[in-house]
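Reminder, nothing fancy here: chain letters follow the sequence lines and each chain counts from 1.
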There are 2 protein chains.
Amino acid sequence: MAISTRDRILDAAEWLFADQGFHLTTLRQITQAAEANLAAVNYYFGSKQELIRAIFRRRLDALNAARLERLDAIESDTDRPELEAVLDAFVEPALEFTRGGDAEGQRFMQLLLRAFADRDTALHEAMRAEYAHVMRRFADAVSEALPNADPTRLRHQLDFIVGALTLTMAESALKDTRIIAAELVQFAAAGLRGSLENRIPDSARRTLEATS
Amino acid sequence: MAISTRDRILDAAEWLFADQGFHLTTLRQITQAAEANLAAVNYYFGSKQELIRAIFRRRLDALNAARLERLDAIESDTDRPELEAVLDAFVEPALEFTRGGDAEGQRFMQLLLRAFADRDTALHEAMRAEYAHVMRRFADAVSEALPNADPTRLRHQLDFIVGALTLTMAESALKDTRIIAAELVQFAAAGLRGSLENRIPDSARRTLEATS
DNA sequence: GTCTATATGTAGATAGAC
DNA sequence: GTCTATCTACATATAGAC
């Protein structure tokens, strides 16, 4: 038995939560899949909620660490980083998760989506707190690559990218993700650069005028 | 009592599902909020699952109908529609849902997000089937606005936009949505146009080469 | 640390009176 | 169509032996 009971529970629970959702997945299923006893979850984590948070912390830490590592590398290489390189540092680690034979990361992306959908309470707070740090670093990096960008719009646009990334990674079949990620980087870069023109589209202006 | 019991149940259930998720919300909560009897859900819908599907069908029909109506209007106006106008026809009805004093639509966007996260089974199939029709119409319209676009990439890019829209609408505070929608239209238009250059970003190419 | 056994709560669904 | 009462099932959590 190379892996500890605690880790087997984490792995099994992550798989089941991603597949079925939090509430549908029972401690019985988890402990059975982990080949552990029903009481073990409470012994190691205290409650089902704490187990969920532990799963989350583990992967989110790893994902964000990988992103920041790449960003650091880019920023130490050059004074003004290329926009695409910054976006790639954000997108590619998520993709990296999705790669690999066991499809671990795609499961986690599915989990991320569930977390977005859940108005869970504490989980949301924890995620936001952990994300805020990373998002600010990336917002700063994009600002350096695009010095004329408006900070408020930039925030919104990063949210667009997170949305596109999360939904895409959770939905798409495994084998296309590498190409899709490259397409997303390009799409996002073009979108960000396009906003510098600061042109309100005719159709949108019409909408704004009609409803204000 | 102006509204029928059936409709009161639909309204109450939609609110609670969006707020708490499907599994956390009980039939007892729903019927209590709707001021109906517990047995009424089974009487009108047969089961909880069927109730969920009925809620979904109601709103999704309305949203997609509104989108297609706008698209029809654009296409009958001109031979080659403006890209931004097409995107606005897709984005703005979702926004329209989110507007209005009672915040009905934001709830529904939250619900949509849950549906994406749920690997529910039949619900997913039903959504996809309903969406396929609309997405093809919009893909065609974008193709006309951007005749040189690659169809496969276009599909992916529309998914990016859906992801950005869904996550943004579900998360953002009500009062900003009008501006954010306009920004999303512009961001998406620039992203789509940028793909025509068909340039693979240096960073992404590095990634591709390193991992292939 | 791991197990069995069980306490306690609450879910969805239905039978049958009105 | 609407109600009360209840069936049946399964959830989380814990007590306590080993």
Side-chain angles (χ1 to χ4, degrees), chain A residues 1-58 111 114-115 117-124 126, chain B residues 1-58 111 114-115 117-124 126:
Chain A
M1 201 180 296
I3 311 176
S4 70
T5 300
R6 192 176 183 280
D7 284 337
R8 288 205 315 281
I9 289 173
L10 278 173
D11 289 337
E14 182 179 57
W15 202 94
L16 287 164
F17 283 145
D19 200 51
Q20 306 176 334
F22 299 117
H23 303 297
L24 254 171
T25 301
T26 68
L27 297 186
R28 286 166 219 281
Q29 287 179 303
I30 293 167
T31 49
Q32 191 184 347
E35 295 181 50
N37 186 269
L38 172 60
V41 169
N42 265 282
Y43 177 76
Y44 284 108
F45 300 95
S47 71
K48 188 181 181 180
Q49 264 306 316
E50 284 302 316
L51 169 62
I52 291 172
R53 260 169 240 155
I55 289 168
F56 239 84
R57 223 174 294 123
R58 179 172 71 154
L111 215 62
R114 290 190 188 282
D118 268 355
R119 198 166 278 184
D120 176 274
T121 48
L123 178 61
H124 230 106
Chain B
M1 202 181 293
I3 312 176
S4 70
T5 299
R6 191 176 183 280
D7 283 337
R8 288 204 317 280
I9 289 173
L10 278 174
D11 288 339
E14 180 179 59
W15 203 95
L16 288 164
F17 284 144
D19 201 51
Q20 306 177 333
F22 299 116
H23 303 297
L24 255 170
T25 301
T26 68
L27 296 186
R28 286 170 173 79
Q29 285 179 303
I30 292 167
T31 49
Q32 190 184 348
E35 297 181 50
N37 186 268
L38 171 60
V41 168
N42 264 282
Y43 177 76
Y44 283 108
F45 301 96
S47 71
K48 189 181 181 181
Q49 264 306 317
E50 284 302 316
L51 170 61
I52 291 172
R53 258 170 242 156
I55 288 168
F56 240 86
R57 222 174 297 124
R58 179 173 70 154
L111 216 62
R114 291 190 187 282
D118 268 356
R119 198 166 278 187
D120 174 277
T121 48
L123 178 62
H124 230 104

Problem set entry | Rounded distance (nearest 0.5 Å) linking atom OG1 of Thr5(B) with atom CG of Leu10(B) | 11.0 Å

Exercise. In the 5'-to-3' direction, what one-character label does each nucleotide of nucleotides 12-18 of chain D receive under the scheme B = base within less than 4.0 Å of a protein heavy atom, S = sugar-phosphate only, - = no such atom?
Worked result: BBB----

Side chains of residues 24-31 of chain A: which donor-acceptor pairs under 3.5 Å do they make with residues two or more places apart or in other chains?
from	atom 1	to	atom 2	distance (Å)
Thr25(A)	OG1	Leu16(A)	O	3.2
Thr25(A)	OG1	Gln20(A)	OE1	3.0
Thr25(A)	OG1	Gly21(A)	O	2.8
Thr26(A)	OG1	Arg28(A)	N	3.4
Thr26(A)	OG1	Gln29(A)	N	3.1
Gln29(A)	OE1	Thr26(A)	N	3.0
Thr31(A)	OG1	Leu27(A)	O	2.7
Thr31(A)	OG1	Arg28(A)	O	3.2

Listed partners of [X] passing salt bridge (charged side-chain N to carboxylate O under 4.0 Å, His left out), at least two apart:
X: Arg57(A); result: none
X: Arg58(A); result: Asp11(A), Glu14(A)
X: Glu35(A); result: none

Seminar exercise, completed: Sorted by chain and residue number, the ring-ring contact (aromatic ring centres under 6.0 Å, His included) partners of Phe22(B) (sequence neighbours excluded) come out as Phe17(B)

Can you tell me the distance, in whole Å, between the [atom1] atom of [X] and the [atom2] atom of [N]?
X: Leu24(A); N: dA11(C); atom1: CG; atom2: P; answer: 15 Å
X: Glu35(B); N: dG1(D); atom1: CD; atom2: P; answer: 19 Å
X: Ile30(A); N: dA11(D); atom1: CD1; atom2: P; answer: 11 Å
X: Leu16(A); N: dA11(D); atom1: CG; atom2: P; answer: 12 Å
X: Glu50(B); N: dG12(C); atom1: CD; atom2: P; answer: 15 Å
X: Tyr43(B); N: dT4(D); atom1: OH; atom2: C1'; answer: 17 Å

For this session: Go through the structure and list residues passing side chain to side chain contact (heavy atoms under 4.5 Å, CB included) with Asn37(B), not counting sequence neighbours.
Result: Ala39(B)

For this session: Could you tell me whether Tyr44(A) contacts a base, only the sugar-phosphate backbone, or nothing, with contacts defined as non-hydrogen atoms closer than 4.0 Å?
Result: sugar-phosphate

Problem set entry | Angle between terminal axes - the helix from dG1(C)-dC18(D) to dC18(C)-dG1(D), 5 pairs each end, rounded to 10° | 0°

For this session: List in chain and number order the residues that pass side chain to side chain donor-acceptor pair (under 3.5 Å) with Glu50(A), two or more places apart in sequence or in another chain; answer none if no residue qualifies.
Result: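 Checked Glu50(A) against side chain to side chain donor-acceptor pair (under 3.5 Å); matches are Arg53(A).
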
